[in-house]
Structure formats: structure tokens, C-alpha cells
Amino acid sequence: MSASRRTVLTALGGMFATATLAACSSDPNSVSAQANKGDSKGYVAGDGTIEQLASSQRGKPVQLDGTLLDGKTWSSSSADGKVVVLNVWGAWCPPCQNELPHLQSAWAGWQAAGQPVVMLGINQRDSVQRAQATLAKFKVTYPSLAEDGGKALLSLQGKVRAYPTTLVLDKEHRIAARVSGEVTEATLKGLVDDVLKSA
């Protein structure tokens, strides 16, 4: 075997080993790890990690606007002085559907108690009709922004890396908490209560 051929084969072998190591990532939520599961879901699912930020650690206020599924416009300025809960979801995402009843129940509780809380879904990659049908199936009554090609996500300061993701904004609309993955009613209420008390 010539020296040049041995060099090429050695290089190819190294590339294969590197690719194999990358595919065997120890992070179960990495894109490669989820792709290897073969479920073809096409998204990174969150693991339920919760992040809370003290008031001094929160960044700039989130400025968000868009068109709701019913065709009306929505802007974060319409929720001035209120805590805002944002849920990034899609009808194609089973964990997103699993948490919808929890989100609706939390929302209904805040409304009944007259709490200064606004809830908003941010739909991704669905037609208006499919998104509306999914929300109707789970009897969801809070509004949701329609798919906008990712514009809304750009307003969320890089905090959305998995589906679903729920963000809690304080009364100044700074990101105070994040759940990366499914959230339960109890967890979400606890996070919002903490923000209401600290506001």
C-alpha cells in the first residue's frame, strides 16, 4: 500500500471515529441523541429543566407582538404591569399537547382569582386551522399567536431551545423563569406566585 493511500485511509478512519463519538452524545436531549432514537419527531424535546432568575439577574424587557389565531393583533404593551406567561408550542409536538390541560387549568385559576396574569401561546409550524383545532380539542381559552416564521422566537432572547418551552415574564416583562419541556399546573403556579411576590 502506498504511503499516500495509507494517509487517506487513516484520515477517513479518524473522521469516522469522530462522527461516532458525536452521535453517541451523553446528552439525551441533544439533536443527535434524539435522532438516533429513530422516532422522526424532528424537534428537540425539553427535559423539564426549570430556571429561575433573581430580579437582579433578569435582562431587558421582552417586546413581543404578532397576529393571534383569530386574526387580531397582540402586543406585550397591552399587558403592561402584568405578569405574562408565554408558552411555545406546536400541535405536532406530543409533550406540548400533554401540557395543554395543565396550562388551561392554571389560566382559569388566575382568571377566577383576579390575578394580574396574562397567558399567551406562541404557535410554531402549524397552519391556523390545525392550531385552532388542537386548542379546541383541549378546550383552551387563552389566546395564541399564529405561526410567523420564527419572528416571535427572536424576541425571546435565545431562551427557547426545546419544545415545549414556557417563560414567565415579570411585571416589567423581563424573563423571570423558564421551563424547558412539559410543565405541570402546580409547577407553573408556583413559578408565577414567586414572580408575583417578588414584583
Side-chain angles (χ1 to χ4, degrees), residues 43-46 49-93 95-97 99-100 102-104 106-111 115-132 134-135 138 140-183 185 187-189 191-196 198-199:
Y43 67 95
V44 176
T49 299
I50 298 171
E51 177 186 14
Q52 289 182 280
L53 298 171
S55 183
S56 61
Q57 297 176 317
R58 297 170 193 169
K60 295 180 180 180
V62 169
Q63 296 182 338
L64 178 65
D65 58 69
T67 302
L68 299 173
L69 292 171
D70 64 6
K72 297 177 182 178
T73 57
W74 188 91
S75 172
S76 52
S77 62
S78 67
D80 283 349
K82 297 181 179 181
V83 170
V84 179
V85 177
L86 302 174
N87 176 253
V88 181
W89 71 285
W92 41 267
C93 160
C96 300
Q97 294 195 38
E99 71 176 2
L100 286 175
H102 292 271
L103 297 172
Q104 172 59 30
W107 166 239
W110 293 319
Q111 281 197 308
Q115 295 276 27
V117 179
V118 171
M119 186 125 172
L120 180 76
I122 301 176
N123 183 258
Q124 296 294 295
R125 296 169 20 195
D126 287 319
S127 67
V128 168
Q129 294 77 12
R130 187 180 184 195
Q132 287 176 325
T134 300
L135 296 180
F138 291 98
V140 171
T141 60
Y142 56 84
S144 189
L145 291 177
E147 157 64 31
D148 62 4
K151 177 186 171 186
L153 295 186
L154 294 176
S155 303
L156 303 182
Q157 303 173 3
K159 287 290 186 179
V160 178
R161 303 186 188 108
Y163 291 93
T165 292
T166 301
L167 302 177
V168 180
L169 312 184
D170 63 18
K171 290 184 179 181
E172 296 176 34
H173 296 170
R174 301 174 301 166
I175 297 174
R178 173 181 68 170
V179 180
S180 181
E182 278 186 57
V183 67
E185 177 184 357
T187 296
L188 184 55
K189 281 186 170 181
L191 293 173
V192 170
D193 284 346
D194 285 349
V195 174
L196 286 170
S198 67

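Quick caveat: nothing in here was measured; it's all calculated off a predicted structure.
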Which residues satisfy the salt bridge (charged side-chain N to carboxylate O under 4.0 Å, His left out) test with [X], sequence neighbours excluded?
{"X": "K189", "result": "E185"}
{"X": "D70", "result": "none"}
{"X": "E51", "result": "K159, R178"}

Which atom pair, heavy atoms only, marks the closest approach of [X] to [Y]?
{"X": "V183", "Y": "H102", "value": "O-CB, 3.8 Å"}
{"X": "P164", "Y": "E182", "value": "CG-N, 3.9 Å"}
{"X": "R58", "Y": "S198", "value": "NH2-OG, 3.7 Å"}
{"X": "S155", "Y": "V62", "value": "O-CG1, 3.5 Å"}

Quiz item: Heavy atoms, side chains only, cut-off 4.5 Å: are W110 and V83 in contact?
Solution: no
Quiz item: Does S76 reach the side chain of V84, with side-chain heavy atoms less than 4.5 Å apart?
Solution: no
Quiz item: Step by step, would you call L68 with L120 a side-chain contact (heavy atoms from CB on, under 4.5 Å)?
Solution: CA-CA 9 Å; L68 299 173; L120 180 76; 3.8 Å; yes
Practice problem: Enter the distance from L53:CG to R174:CZ here, rounded to the nearest 0.5 Å. | Solution: 9.5 Å
Practice problem: Under the side-chain contact (heavy atoms from CB on, under 4.5 Å) rule, collect the residues that match up with S78, sequence neighbours excluded. | Solution: W74
Exercise. Using distance alone, with no hydrogens and no angle criterion, decide if W89 and T134 have a side-chain donor and acceptor under 3.5 Å apart.
Key: no
Quiz item: Tell me the salt bridge (Lys or Arg N to Asp or Glu O under 4.0 Å) pairs involving residues 141-158, sequence neighbours left out?
Solution: D65-K151
Practice problem: Identify, with sequence neighbours excluded, every residue that meets side-chain hydrogen bond (donor to acceptor under 3.5 Å, both in side chains) alongside Q124. | Solution: none
Exercise. For the pair I122 and L64, evaluate side-chain contact (heavy atoms from CB on, under 4.5 Å) and give the outcome as yes or no after the intermediate values.
Key: CA-CA 10 Å; I122 301 176; L64 178 65; 4.0 Å; yes
